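Here the structure is a predicted model, which is why all the values come from computation and not from measurement. Throughout, numbering of the chain's residues begins at 1 and tracks the sequence.
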Amino acid sequence: MSHLHTDPPRAWTDEDGPVPPDSWGRDPSPGRTLPWGFMLVIVLLVAGRFALAPHLTSAALRTWATIFVAICVQALPFLVFGVALSAAITAFVPASFWTRALPGRPSVAVPVAGMAGAVLPGCECASVPVASGLMARGVTPAAALAFLLASPAINPIVLVATAVAFPGQPLMVAARFGASLTVAVLVGWLWLRFGRSEWLRIPSRPHGGGSKLVAFGEAMRHDLLHAGGFLIVGGLAAATLNVLVPREWLTAVAQIPWLAVLVMALLAVLLSICSEADAFVAASMTAFSPTAKLAFLVVGPMVDLKLIALQIGTFGRAFAVRFVPLTFALAVLVSALSGWLLL
């Protein structure tokens with residue numbers, strides 16, 4: 001140990017100092033590269049300004065910006081109002097209301113729960129926790145699932161938004177209401193007949209606590225940020241599709257009825273747009289037929305990426321792998337038939 005030298009009196013010249021001195025290994029001159037990095041950023045910004053400026057004033061970019069802003073501005077009031085009502089229902093409606101309002105017979109409770117979606121607004125983000133709360137409070141799962149599908153699709157906010165997005169086309173509103181309610185009830189009845197308890201993980205009953213106003217504020221803030229983000233993503237995607245995708249491609253797809261319906265249904269799943277805003281995105285897809293747009297409006301509130309993730313996390317993977325394909329297939333089939341009959 002003779003080769004080790006220590007100097008206790010000089011190991012820390014300032015015993016009250018918050019950090020060891022430079023002699024303990026700290027770099028005596030940190031940040032030498034920071035000015036150079038800052039200068040590099042400035043150079044890139046200046047170069048980008050001159051390189052991108054000619055493209056920022058192009059007609060395509062102006063069209064893209066116009067479509068994106070129009071979709072968001074039209075949809076945002078309905079989104080905010082729908083999220084506020086959904087949060088109010090979550091925070092202020094007592095749990096016992098649901099068991100008193102629904103009939104005791106499960107086969108009758110399914111359509112009643114589906115119709116309840118017409119008077120109890122809620123977006124997709126709120127439908128999954130509301131349905132899990134209904135199951136935890138003793139409501140039959142088939143009825144809760146019918147409400148889960150119907151509430152974000154046929155509530156008054158969504159129907160008014162659809163009427164605004166499709167002015168002078170009342171049959172589009174009627175077709176969306178009828179097709180969405182039909183799908184919700186059919187899925188509920190099929191789950192009641194063929195569903196098994198081991199496929200569905202019913203959450204335990206939550207214990208209430210805290211201020212209702214605080215719960216309302218938290219629910220509204222969460223749903224607004226979550227749904228607003230997907231609205232922006234959907235608006236970006238719709239604007240991009242309208243500008244970048246060649247018109248002849250869209251025309252070629254739109255001229256094949258069954259392919260147009262499938263493409264719009266798949267777009268609804270991928271874009272994951274909130275139901276209060278999806279009508280404005282669908283209306284912007286001018287190359288597609290009303291039936292294809294109806295498929296977009298029926299499928300979107302029932303099957304999309306964020307809903308699939310929420311359902312897996314809440315009810316389990318075994319539930320989602322059966323419920324999602326069933327709902328998607330029925331939504332496409334019913335919307336195609338409804339469009340053929342009404343539109």
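Residues A260 and V253 share a closest heavy-atom pair of CB-O, 3.6 Å. Closest non-hydrogen pair, P106 versus L192, comes out as CB-CD1, 3.7 Å. When every heavy atom of A295 is checked against every heavy atom of V261, the shortest pair comes out as CB-CG1, 3.8 Å. Contact detail for L297 and A282: the closest heavy-atom pair is CD2-CB, 3.8 Å. Contact detail for P103 and V108: the closest heavy-atom pair is CG-CG1, 3.9 Å. Minimum heavy-atom separation, A179 to S338: CB-OG, 3.6 Å.
Side-chain atoms of S180 do not come within 3.5 Å of backbone N or O of F177 as any donor-acceptor pair. No side-chain donor-acceptor contact under 3.5 Å links T140 to the backbone of A143.
F147 is not listed as a side-chain neighbour of V139, based on a closest heavy-atom distance of 4.5 Å or more. Side-chain contact between L200 and M135 is present, with heavy atoms from C-beta onward closer than 4.5 Å. Taking the side chain as every heavy atom from C-beta outward, I308 and V303 approach each other to under 4.5 Å.
S151 contributes atom OG, which lies 10.5 Å from atom CE of M302 (distance to the nearest 0.5 angstrom). Separating the CG atom in L262 from the CG atom in L267 is a distance of 11.0 Å, to the nearest 0.5 Å. The distance from the CG atom of D304 to the CZ atom of F328 is 11.5 Å, given to the nearest 0.5 Å. Put simply, CH2 on W340 and OG1 on T291 are 11.0 Å apart, with the number rounded to the nearest 0.5 Å. Here S275 contributes atom OG and L159 contributes atom CG; the two are 10.0 Å apart, rounded to the nearest 0.5 Å. Here the CG-CG distance, from L149 to L181, works out to 10.5 Å after rounding to the nearest 0.5 Å.
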From CA spacing to verdict: side chain to side chain contact (heavy atoms under 4.5 Å, CB included), I273, F280: CA-CA 10 Å; I273 306 171; F280 300 96; over 6 Å; no

Stepwise side chain to side chain contact (heavy atoms under 4.5 Å, CB included) check, F166 with K293: CA-CA 11 Å; F166 293 91; K293 295 177 183 178; 3.9 Å; yes

Test log, rule side chain to side chain contact (heavy atoms under 4.5 Å, CB included), inputs R176 and V158: CA-CA 10 Å; R176 180 174 195 177; V158 171; 3.4 Å; yes

Candidate pair R201 and F319, rule side chain to side chain contact (heavy atoms under 4.5 Å, CB included), full reasoning: CA-CA 8 Å; R201 183 180 65 211; F319 166 81; over 6 Å; no

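With ring centers used as reference points, F194 lies 6.0 Å or more from W199.
Placement of L148 and V321 in two distinct hydrophobic clusters is found when ILVMFWY residues are connected by side-chain heavy-atom separations under 4.5 Å, directly or transitively. A continuous path of hydrophobic side-chain contacts links L294 to I256 [ILVMFWY only; heavy atoms under 4.5 Å]. Residues L337 and V299 do not share a hydrophobic cluster, clusters being chains of Ile/Leu/Val/Met/Phe/Trp/Tyr side chains in contact below 4.5 Å. In the hydrophobic clustering of ILVMFWY residues, with side-chain heavy atoms under 4.5 Å counting as a link, L333 and L342 come out apart.
Judged as a ring-ring contact (aromatic ring centres under 6.0 Å, His included), and not counting sequence neighbours, W189 has no contacts.
Exactly one residue among V173, D278, I157 makes a side chain to side chain contact (heavy atoms under 4.5 Å, CB included) with T162. That residue is V173.
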